[in-house]
Every structure is written in C-alpha cells, then in structure tokens.
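Encoded as structure tokens, the structure appears first; notes follow it.
Note that the structure is predicted; figures quoted are calculated from it, not measured.
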Amino acid sequence: MRSAYKLVFERSLPGRKGYDLPKLDVPEKDVIPASCKKTAPVKLPELAEVDMVRHFVGLSRRNYGVDNGFYPLGSCTMKYNPKINEEIATLFENLHPYADASCTQGAVDVMLMIDEALAKITGFPAFTLQPAAGAHGEYTGLTLIKAYHDNRKDYERTVIVVPDAAHGTNPASAALAGFKIREIASAPDGGVDLEALRAAMGPDVAGLMLTNPNTLGIFDHNILEITKIVHDAGGLCYYDGANFNAVMGVARPGDMGFDVLHLNVHKTFSTPHGGGGPGCGAVGCTAELAQFLPIPVVVRDGEHGRLEYDRPLSVGKVKAFYGNFSVMLKTLAYIESMGGVGITEGAQNAVLNANYVMGMLRGVYDLPHDRICMHECVVTPTEEMIEKGVHTSDIAKGLIDYGVHPPTIYFPLIVHEAMMIEPTETESRETLDAFVQAMKEIAQIALSDPEAMHKMPLTTPVGRPDEVAAARNPIVRHQW
C-alpha cells in the first residue's frame with residue numbers, strides 16, 4: 001500500500017514553532033532601510049521541532065543510494081566506495097588555495113603522487129587534475145588537440161569524428177571547443193565500422209573521440225587499427241575514460257595508440273558519483289601534447305612536487321586554482337589502498353559481474369549483442385513483452401517495488417528499448433542473484449499480467465505521475 005505523504009507546508013499549523021530564542025539583552029536598533037524590508041510576512045511552514053525532525057528524517061529514509069541497496073546504474077559506475085576515503089579527504093579541509101607555498105607542499109606532493117600513479121595506470125606521462133568533471137575533461141582534452149594543430153599551423157583541421165555509440169557529452173564538448181562533428185555508424189558487432197571510419201577521414205579531421213569499452217559494454221577488438229587509421233590521416237585520438245572501470249590495471253589507453261584521455265576519477269577512483277558533484281575529470285596526454293596542458297602543471301623537483309607556470313604554449317587555466325582537491329585525496333586513498341593488484345582485480349570483478357548478470361538473463365530478455373561484455377551489459381524487453389504493451393520504462397518502475405534502483409534506460413540510443421546494467425566490482429553474487437530473480441519475476445508478470453506492470457511502482461509515496469504533463473508543465477514549488 002502506498003503511504004500517505006504530506007509536504008512540509010501541508011503539515012504547517014499557525015502558531016507552531018520549533019525554536020525558543022533567548023530574551024534580547026542589548027538595546028534593539030532598527031538599521032535596515034525601509035526599501036529592503038518585506039511588506040508581507042514570509043510564507044514559511046510553522047511546525048514544532050519534533051514534527052520538523054520527523055519530516056527531514058522521513059525524507060532521508062526515502063532517499064535511495066548505494067548505501068541502501070543495489071544501484072546498477074550503467075554508465076555512471078554507482079559503486080560502493082570505502083568510507084575511509086571520505087575521512088582522509090577531510091584532513092586537508094582547512095587548507096586554503098591562497099596559502100603560502102611553505103604551507104602547501106604536502107598538497108602539491110599529493111597531486112604529484114596522483115599524476116604519477118595515473119601515468120602508470122593509463123600509459124600517459126603527463127596529467128592535469130584541474131577539470132571539474134568528465135565533460136569538462138573532454139573539453140580540456142579537445143583544447144589540447146586544437147592547440148596541437150594550431151601550433152603546427154594546420155588550421156584546416158576543424159572536424160572531430162564521433163561514433164554513434166558515444167556518450168552525449170562527446171559531440172557537445174567537441175562543439176564547445178570549436179569543432180564540427182562528423183558522426184559514423186557502428187558496425188553490426190557493436191564496434192567501430194572500419195570502412196565508415198576510413199571514409200570519414202580527410203585533411204579536415206582533427207581527431208577521433210572514442211569510448212573503449214563503448215556504451216554497449218564492448219571492448220573494440222580493432223582498437224589498434226582504429227587509432228592507426230586516424231593517425232595515418234593526420235588526426236589525434238581522444239579516449240573517453242568514462243568506462244575505465246572495466247580496464248583499469250588491465251589495459252592502458254596509451255598502449256592502444258591514443259594521444260589524450262580524460263578519467264572520471266570521481267567515479268572510477270572513489271568519490272560517490274551523482275547528485276551534481278564535486279568531481280574531477282583528470283586529463284592525461286602524450287609527451288608531445290604535455291606542453292599544452294593547463295597551468296599550473298605539477299612537476300617533480302627532486303623528492304617533491306612543484307607548481308610550474310612557465311608554459312608558453314599552455315591552453316591556460318580551465319578552473320579556479322588547481323581543481324577539486326577533496327576528490328583528488330579520495331583518488332589517492334583509493335589507489336594506495338587498492339594497490340596495483342587490487343585495481344586489476346577490481347576491473348576483472350566488474351567484468352565478471354556484468355557477464356554473470358548477462359548470462360543469467362539470457363533467454364529471459366533479449367541481448368542486442370550476445371557476446372562477452374565488459375563492465376556493463378545491455379538487455380531489452382522481448383518482442384512478446386513489447387507486443388503486450390510492456391516497455392523498458394515499465395520494467396524499470398517495476399524494479400523499484402523490488403527494492404532495486406533501476407539501471408540506465410533508453411541508452412545507448414542506438415539500441416531500441418535499452419537497459420544498461422552495470423553491477424560494478426563491489427557487489428556480491430547474492431546481490432546479483434537477487435537482482436536477476438527480480439528481473440525474472442518482472443518478466444513473468446509482463447507476459448502474464450501486462451496491465452499490472454502499468455501500475456508499478458506500488459510501494460512508493462508517489463506512483464506514476466503523468467510524465468508528459470510533468471515535463472511540459474512542471475510544478476517546482478508549493479502553491480499557497
């Protein structure tokens with residue numbers, strides 16, 4: 001049964017209050033100009049303290065996160081992260097970026113340690129930690145590509161080639177960096193169509209943006225040929241590291257022939273992802289592109305790090321100060337605690353879990369690409385389910401009644417009715433079995449009682465709102 005829920009304004013009763021201020025012990029003086037005073041009382045809810053506490057505690061219980069249960073939200077790596085990393089991030093919380101250099105050597109050394117660790121993991125010798133998030137990292141990496149061509153006076157290279165399976169931020173970031181977009185279709189196996197890629201090459205191509213493994217969860221077995229085709233045409237290769245969780249410690253983009261990459265360290269290397277940040281879209285590049293990195297660049301100076309500003313060809317700063325430092329601390333804590341073996345095992349377990357889920361759902365749901373996947377798999381409703389009027393959104397809403405957060409739905413766009421499931425490396429077999437069982441039971445309901453699917457979820461304070469009306473005429477505040 002769906003429980004009744006009242007907004008805090010609906011709980012309000014005139015005269016109720018949850019505070020008791022002490023009597024004013026100094027002379028009262030009105031210094032606020034009349035022009036700054038409100039002419040009518042502020043419309044705020046009036047509640048006793050206990051009612052206000054229950055209101056907020058009730059809201060917190062309705063919030064769902066990875067600490068509550070399984071969160072298979074593909075493309076965002078909603079994985080559990082050790083709480084000690086959060087604790088470590090507080091050690092530097094009082095350090096101000098304008099503090100004297102004599103007080104900040106430890107922070108600079110932390111950034112150096114992260115740069116050098118990421119260099120080993122990715123195969124790129126130079127890094128910047130300035131970008132605030134993944135898309136910001138994309139933009140920064142693309143400015144390096146533009147600076148490279150401009151420095152060679154190769155101004156005609158104005159096109160970035162983007163596969164149709166790319167993250168939506170890829171073409172957006174390329175456009176923001178001043179490039180034109182040339183989309184190429186995927187091959188039937190889900191990878192890059194080599195012939196389409198060759199046809200897209202020309203003297204106007206500045207580079208290729210590629211996610212590997214891609215949004216289908218597929219590692220492109222032609223990756224070395226792909227980067228060679230682009231390089232032979234005079235372009236550079238950009239690696240979108242949003243799915244790096246699948247290959248960390250196993251394969252290095254620098255060894256695949258890429259020139260620049262960004263890493264969402266705020267999801268791959270331990271910061272709870274989602275909710276608007278903060279994040280860190282670290283950007284790595286080849287030695288040839290390092291001269292264009294944003295300033296300041298952290299360089300090794302003996303046993304310590306040093307901030308270097310004297311970079312004439314730098315693209316300049318892309319963020320205030322040096323980036324989101326608390327995220328960097330969590331990144332270092334994750335890398336140091338996991339170690340090389342642990343990072344490799346993390347990727348291997350993520351791949352194992354995704355393939356386990358895919359194998360358990362084979363025959364129950366359709367598999368657009370029935371082949372070994374990486375850290376995420378894509379399934380769709382069967383034709384029979386769709387014929388009975390049950391779609392991906394119905395299945396996602398049904399999962400809520402089973403206490404599971406739905407996976408990403410209707411993405412990637414090239415798969416009709418897609419459900420992208422990313423179990424991550426931190427989930428146990430028992431958790432995955434419970435998820436699979438829920439998916440199987442939902443499939444049975446979809447075939448035997450499809451109308452019941454259109455009423456789910458039944459256990460939430462709000463059931464099925466009119467999504468079209470909500471999008472076109474949203475109500476974003478309480479109406480008095």
Side-chain angles (χ1 to χ4, degrees), residues 53 56-57 59-60 63-68 71 76-119 121 127-137 140 241 244-245 248 262-284 293-301 303-309 317-339 342-343 346 424 426:
V53 169
F56 282 110
V57 170
L59 288 179
S60 70
N63 190 37
Y64 191 93
V66 73
D67 288 348
N68 300 73
Y71 213 126
C76 287
T77 316
M78 293 291 191
K79 65 182 181 183
Y80 174 81
N81 288 295
K83 298 300 180 283
I84 189 173
N85 299 350
E86 299 291 318
E87 191 74 22
I88 289 173
T90 66
L91 297 177
F92 288 72
E93 64 184 357
N94 294 322
L95 181 62
H96 196 281
Y98 277 145
D100 186 77
S102 62
C103 303
T104 59
Q105 186 61 59
V108 176
D109 286 352
V110 163
M111 291 189 284
L112 177 66
M113 292 172 68
I114 297 170
D115 285 352
E116 293 181 344
L118 294 179
I121 296 170
F127 265 88
T128 178
L129 302 174
Q130 271 192 46
H136 195 197
T140 302
F244 195 66
N245 206 63
M248 59 179 186
H262 89 268
L263 294 174
N264 293 352
V265 298
H266 56 270
K267 64 184 189 180
T268 305
F269 297 103
S270 181
T271 291
H273 186 49
C280 176
V283 171
L293 283 171
I295 55 173
V297 176
V298 181
V299 296
R300 176 168 284 282
D301 187 0
E303 296 182 358
H304 296 286
R306 174 173 55 83
L307 295 175
E308 185 172 277
Y309 287 86
K317 280 194 172 186
V318 296
K319 191 180 186 302
F321 304 117
Y322 322 109
N324 289 324
F325 192 66
S326 66
V327 181
M328 301 178 200
L329 289 167
K330 297 171 198 175
T331 299
L332 184 61
Y334 181 88
I335 292 173
E336 290 293 318
S337 61
M338 294 281 282
I343 288 173
T424 80
T426 54

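Annotation for H262 and G281: closest pair CB-O, 4.3 Å, computed over non-hydrogen atoms. Listed here is the closest heavy atom pair of V327 and C280: CG1-CB, 3.7 Å. The shortest heavy-atom contact between N85 and A333 is OD1-CB, 3.4 Å. The shortest non-hydrogen separation linking M328 to Y322 is CE-O, 3.1 Å. Minimum heavy-atom separation, A132 to K319: CB-CE, 3.6 Å. Across A282 and V265, no two heavy atoms sit closer than the pair CB-CG1, 4.2 Å.
Listed by chain and number, the residues in a ring-ring contact (aromatic ring centres under 6.0 Å, His included) with Y64 are Y71, H405 (sequence neighbours excluded). Partners of D115 according to the side chain to side chain contact (heavy atoms under 4.5 Å, CB included) rule, which considers only residues two or more places apart in sequence or in another chain, are F127, L129, V298. For F325, the ring-ring contact (aromatic ring centres under 6.0 Å, His included) partners at least two apart in sequence or on another chain are F92. Taking D100 as the reference, S102 meet the side-chain hydrogen bond (donor to acceptor under 3.5 Å, both in side chains) condition, with sequence neighbours excluded. Listed by chain and residue number, nothing satisfies the salt bridge (charged side-chain N to carboxylate O under 4.0 Å, His left out) test with E336 (two or more places apart in sequence, or in another chain). Residues satisfying the ring-ring contact (aromatic ring centres under 6.0 Å, His included) criterion with Y334, sequence neighbours excluded, are F269. The side-chain hydrogen bond (donor to acceptor under 3.5 Å, both in side chains) search around N63 returns none, not counting sequence neighbours. The side-chain hydrogen bond (donor to acceptor under 3.5 Å, both in side chains) search around T426 returns T424, not counting sequence neighbours. Evaluation of the side-chain hydrogen bond (donor to acceptor under 3.5 Å, both in side chains) rule for T90 yields no partner, not counting sequence neighbours. Legend: residues meeting salt bridge (charged side-chain N to carboxylate O under 4.0 Å, His left out) with R300, ordered by chain and number and at least two apart, are E116. Annotation: side chain to side chain contact (heavy atoms under 4.5 Å, CB included) contacts of T140 (sequence neighbours excluded): P131, H136, T143, V283, P294, V318. By the ring-ring contact (aromatic ring centres under 6.0 Å, His included) test, F56 pairs with no residue at all, sequence neighbours left out.
Formation of a donor-acceptor pair under 3.5 Å by the N324 side chain with backbone atoms of G279 is found in this model. Between the side chain of E308 and the backbone N or O of V297, no donor-acceptor pair lies under 3.5 Å. Judged by distance alone, with hydrogens and angles left aside, the side-chain atoms of Q105 form a donor-acceptor pair with the main-chain N or O of G305 at under 3.5 Å. Under the 3.5 Å distance criterion, the side-chain polar atoms of K79 are matched with a main-chain donor or acceptor of T268.
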Derivation and outcome, side-chain contact (heavy atoms from CB on, under 4.5 Å), residues I114 and V110: CA-CA 6 Å; I114 297 170; V110 163; 3.9 Å; yes

side-chain contact (heavy atoms from CB on, under 4.5 Å) between M113 and I335, intermediate numbers included: CA-CA 10 Å; M113 292 172 68; I335 292 173; over 6 Å; no

side-chain contact (heavy atoms from CB on, under 4.5 Å) between I121 and I343, worked out: CA-CA 9 Å; I121 296 170; I343 288 173; 3.9 Å; yes

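Here the side chains of E86 and S326 are not in contact, with every heavy-atom distance at 4.5 Å or above. The shortest distance between side-chain heavy atoms of K83 and D67 falls below 4.5 Å. Inter-residue side-chain proximity for D301 and H304 is flagged as unmet; no heavy-atom pair is nearer than 4.5 Å.
Around CD of E87, the count of heavy atoms belonging to other residues, nucleotides or ligands within 6.0 Å does not exceed 12. Counting heavy atoms of neighbouring residues, nucleotides and ligands inside a 6.0 Å radius, atom CG of L59 exceeds 12 of them.
If you take OG1 on T331 and NE2 on H266, they are separated by 10.0 Å, rounding to the nearest 0.5 Å. In this structure, L118 CG and T128 OG1 are separated by 11.0 Å, a value rounded to the nearest 0.5 Å.
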